[in-house]
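Everything on this sheet refers to the single structure shown next.
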Amino acid sequence: MPRRTKACATCRQKRIKCDATMPHCTMCTRFNRQCPGPTDAPLLFVDTSSYPSGKKPRTKKPSPQATSLEVARRFEDGRGIAVGVGSLPDEMAYVLQVDVSPRYVLGEAFFQNLTAFMCAEGRHMPGAVRRTPSWLHALPRMAAALPPSTSQSSSATHRNEALSLALRATTAAFSSLELRDAALLHHAYGLYGGSLRCQGRVLQEKGDKGGDLYMVMTSLMLTLFESVVASAGEGFALHNVACAKMIDNALEQASKAQRDKKAKGPGGNGPGPMLINIFFHVRLQLCFVYLTTSNPRIRDDPVMKRVLLEACGWTQERLPLSMQIITPLARLMELQSNSSAVMSPVDFERKRKEYMKAREEVNQLWNGYAQQSKGQRLCWTSPGTGHTDFRDPFTSLTYAYFSACHILLDLLAPTYDALAAHSTASLPFMPSQRSKSTSPTSSSSSNVSPTWHSPDTPPSSSPPSTHLDPSFLPPSMTDHYALILSVSWYLRLRDTGFAYLRLHSPLFLVAMYAPTLEQRSLARMVFEDWKVGSLRGIGWLAIAKLDQEHRAMESFGP
């Protein structure tokens, strides 16, 4: 019986009966040659039929693995693992365990909540442009780095620590109110005290600290903390006045440096955009401080006149419209606060000229705004809700501040302009005036709503509006109290703290001087909501001032 031979590699792989002496191998059959049979050497057979192209893909070169020493060195340098070097070895997973501080994670989350609330378009506008104040985005970077200094002294460390603590305190306070967390609020108060101590150490050192940007931003964050959570009755006012003094000093230094550079040659630079935007913010806050504080030391501080009336040396034409309207508003607020004082003929004539100047400025700004926005649709009555809608929050705030000026003009007109005509006529595009009375204690049984009448149902007493632009109607035909309440309702739906920090001054005038009880109640209701919400400090200050005025009126009652 013949001995079976060993099968060849091809037949062994395909599991067929093979006679090694016959040409059954694929290559031997293809080239018509005799199969040599199996060999003792290992045979390698590669089947390429499984690849779509019939070719085996090129083998990738193995990437060099980083050694443990190299990985550790990269982490020490702060560079991490380079891209393409390879994955982290398994033996290094426990050696290089990175612990992220929970304080850092919570701080970032709290700051995101604050910036979302401070967006100009609000938190509840999906898909809207997130326009947040630029100085708010610069705070984390400033707090993470030491101030630029030739020598890292203790003063620079205290500046950085004060800003960092103020930022953490404000974000923690805001998030504590959103979460209704008393423990987090208590922690925010501790951070607030630590920031005050660090700032006090810097102020006690030698040298001028007024123009330092770190000190300005620290004071600004402390004002935001007081607007969110009022720690004391006058904390909001004191921090704003201190911040205004620093801003005034910083702008003066910047303008002086610009003049020196221009004297030496071209290339002089003025104050940066961050400093300018902070100045705009502080100037708006000082209006609310002047309205709500009763401390004569704060109201008579020279920085009030320097920032509100003189705009820290800025020319009126170089300021935006939102800042130009503050100048006549501040002049009218000063006249209203001193309206009950006994005046001599000389003082009366001087104040009457100031009143006429403020009225002329308001009319010129309104006419310029109407000419600049000619052909644009700035406001309209929503057919779905019946409420007034505006082009954007900035437009609504512009209307609110013009109405605030006209409210003060109407209150001061009987004293300084006896010939002023007060028309009670209304147009279908504007809120109708519900009452002719201007007494703060008068009430009406009519149902006042912060909306505008629909053009489809005009009142019978309304004059024809054929040639009138509904966005720019004569101020005498406008119920300015109802207009400000319409702006408040429009911004309330968008939940934008950026606008709330600007609307509080016009809204406070409505709560204080509105002719009807319904309008005053609606304005007070907004401050009551802020008092228990995300702007507890502003609401607390407004309610305290309103209650004080109410008690003063009751003491002079019958």
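Summarising the geometry, atom CG belonging to Leu408 is positioned 5.0 Å from atom CG belonging to Leu509; distances are rounded to the nearest 0.5 Å. We find the CD1-CE distance between Ile278 and Met217 to be 4.0 Å, quoted to the nearest 0.5 Å. For the atom pair CG (Leu177) and CG (Leu185), the distance works out to 6.0 Å, reported to the nearest 0.5 Å. Distance check: Ser176 OG to Asn113 CG gives 11.0 Å after rounding to the nearest 0.5 Å. Taken to the nearest 0.5 Å, the OG1 atom of Thr218 stands 9.0 Å off from the CG atom of Leu213. Annotation: the span from Thr496 atom OG1 to Arg502 atom CZ amounts to 9.5 Å, rounded to 0.5 Å.
A donor-acceptor contact shorter than 3.5 Å is absent between the side chain of Ser164 and the backbone of Glu161. A donor-acceptor contact shorter than 3.5 Å is absent between the side chain of Ser195 and the backbone of Leu191. Panel note: side chain Thr171, backbone Arg168; a donor-acceptor pair is recorded below 3.5 Å. Side chain of Thr388 to backbone of Thr381: no donor-acceptor contact under 3.5 angstrom is found. No donor-acceptor pair closer than 3.5 Å links the side chain of Asp248 to the backbone N or O of Ala244.
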(request) Give the intermediate values and the outcome of side chain to side chain contact (heavy atoms under 4.5 Å, CB included) for residues Arg520 and Leu546. (result) CA-CA 10 Å; Arg520 296 197 303 272; Leu546 292 174; over 6 Å; no

(message) side chain to side chain contact (heavy atoms under 4.5 Å, CB included), that's the test. Do Ile247 and Val307 meet it? Break it down for me.
(response) CA-CA 9 Å; Ile247 286 290; Val307 175; over 6 Å; no

(request) Would you sort out whether Tyr481 and Thr516 count as a side chain to side chain donor-acceptor pair (under 3.5 Å), showing the intermediate values? (result) CA-CA 10 Å; Tyr481 299 98; Thr516 63; over 6 Å; no

(message) Applying side chain to side chain donor-acceptor pair (under 3.5 Å) to Gln548 and Ser294, what does each step give before you reach the verdict?
(response) CA-CA 10 Å; Gln548 179 183 356; Ser294 301; 3.3 Å; yes

(request) Go through the steps for Val487 and Leu491 under the test side chain to side chain contact (heavy atoms under 4.5 Å, CB included), then give the verdict. (result) CA-CA 6 Å; Val487 174; Leu491 296 175; 3.9 Å; yes

(request) Please assess Val289 against Met304 for the test side chain to side chain contact (heavy atoms under 4.5 Å, CB included), listing each intermediate value before the final yes or no. (result) CA-CA 10 Å; Val289 169; Met304 284 286 185; 3.6 Å; yes

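Listed by first and then second residue, the salt bridge (charged side-chain N to carboxylate O under 4.0 Å, His left out) pairs involving residues 322-340 are Arg331-Glu361 (not counting sequence neighbours). Residue pairs meeting the side chain to side chain donor-acceptor pair (under 3.5 Å) criterion with at least one member in residues 296-305, sequence neighbours excluded, are Lys245-Asp301. Sequence neighbours left out, not one pair with a member in residues 392-402 passes salt bridge (charged side-chain N to carboxylate O under 4.0 Å, His left out). Annotation: side chain to side chain donor-acceptor pair (under 3.5 Å) contacts involving residues 533-544, sequence neighbours excluded, comprise Glu178-Ser534.
By the 4.5 Å heavy-atom criterion applied to side chains, Ile325 and Cys405 are counted as neighbours. In this structure the side chain of Leu332 never reaches within 4.5 angstrom of the side chain of His406, judged on heavy atoms. In this structure, Tyr500 and Asp495 have side chains that are in contact, with non-hydrogen atoms separated by less than 4.5 Å. When side chains are defined from C-beta on, Val202 does not count as touching Tyr214, because their heavy atoms never get closer than 4.5 Å. For the pair Leu485 and Leu507, the minimum side-chain heavy-atom distance is below 4.5 Å. Using a 4.5 Å cut-off on side-chain heavy atoms (C-beta onward), Asp479 and Gln519 make contact. Annotation: side chain of Ile276 is not in contact with side chain of Pro273 (no heavy-atom distance under 4.5 Å). Within the 4.5 Å cutoff, the side chain of Gln376 has no heavy atoms near those of the Thr395 side chain.
For Tyr401, the ring pair (Phe, Tyr, Trp, His ring centres under 6.0 Å) test picks out no residue, with sequence neighbours left out. With sequence neighbours excluded, the residues forming a salt bridge (charged side-chain N to carboxylate O under 4.0 Å, His left out) with Lys545 are Glu549, listed by chain and number. Judged as a ring pair (Phe, Tyr, Trp, His ring centres under 6.0 Å), and not counting sequence neighbours, the contacts of Tyr490 are Phe390. Residues forming a ring pair (Phe, Tyr, Trp, His ring centres under 6.0 Å) with Phe174 (at least two apart in sequence, or on another chain): Phe117. Applying the side chain to side chain contact (heavy atoms under 4.5 Å, CB included) rule to Ser403 yields the partners His480, Leu483, Ile484; only residues at least two apart in sequence or on another chain are considered. Among residues two or more places apart in sequence or in another chain, the side chain to side chain contact (heavy atoms under 4.5 Å, CB included) test is passed with Thr115 by Phe111, Gln112, Thr132, Leu136. Applying the ring pair (Phe, Tyr, Trp, His ring centres under 6.0 Å) rule to Phe280 yields no partners; only residues at least two apart in sequence or on another chain are considered. Applying the side chain to side chain contact (heavy atoms under 4.5 Å, CB included) rule to Ala188 yields the partners Ala172, Ala173, Phe225; only residues at least two apart in sequence or on another chain are considered.
Across all non-hydrogen atoms, the minimal contact from His239 to Tyr192 is NE2-OH, 2.8 Å. Contact record, Gly497 with Met118: C-SD, 3.9 Å, taken as the closest heavy-atom pair. For the residue pair Leu251 and Trp314, the shortest heavy atom distance occurs at CD1-NE1, 3.8 Å. Pairing each heavy atom of Leu503 with each of Ser488, the nearest pair is CD2-CA, 3.7 Å. Scanning both residues, Cys198 and Leu165, for their nearest heavy atoms gives SG-CD1, 4.1 Å. Nearest heavy-atom pair across Met323 and Leu319 is CB-CB, 3.9 Å.
Proximity of the aromatic rings of Trp530 and His504 is defined here by a centroid distance below 6.0 angstrom, and this criterion is not met.
Using cut-offs of 30° and 60° on the angle between ring planes, the pair Phe527 and Phe288 is parallel. In this structure, Phe394 and Phe498 have perpendicular ring planes: the angle between them is above 60°, well past the 30° mark.
Counted within 6.0 Å of NE2 on His137, heavy atoms from surrounding residues, nucleotides or ligands total more than 12; the atom is thus considered enclosed.
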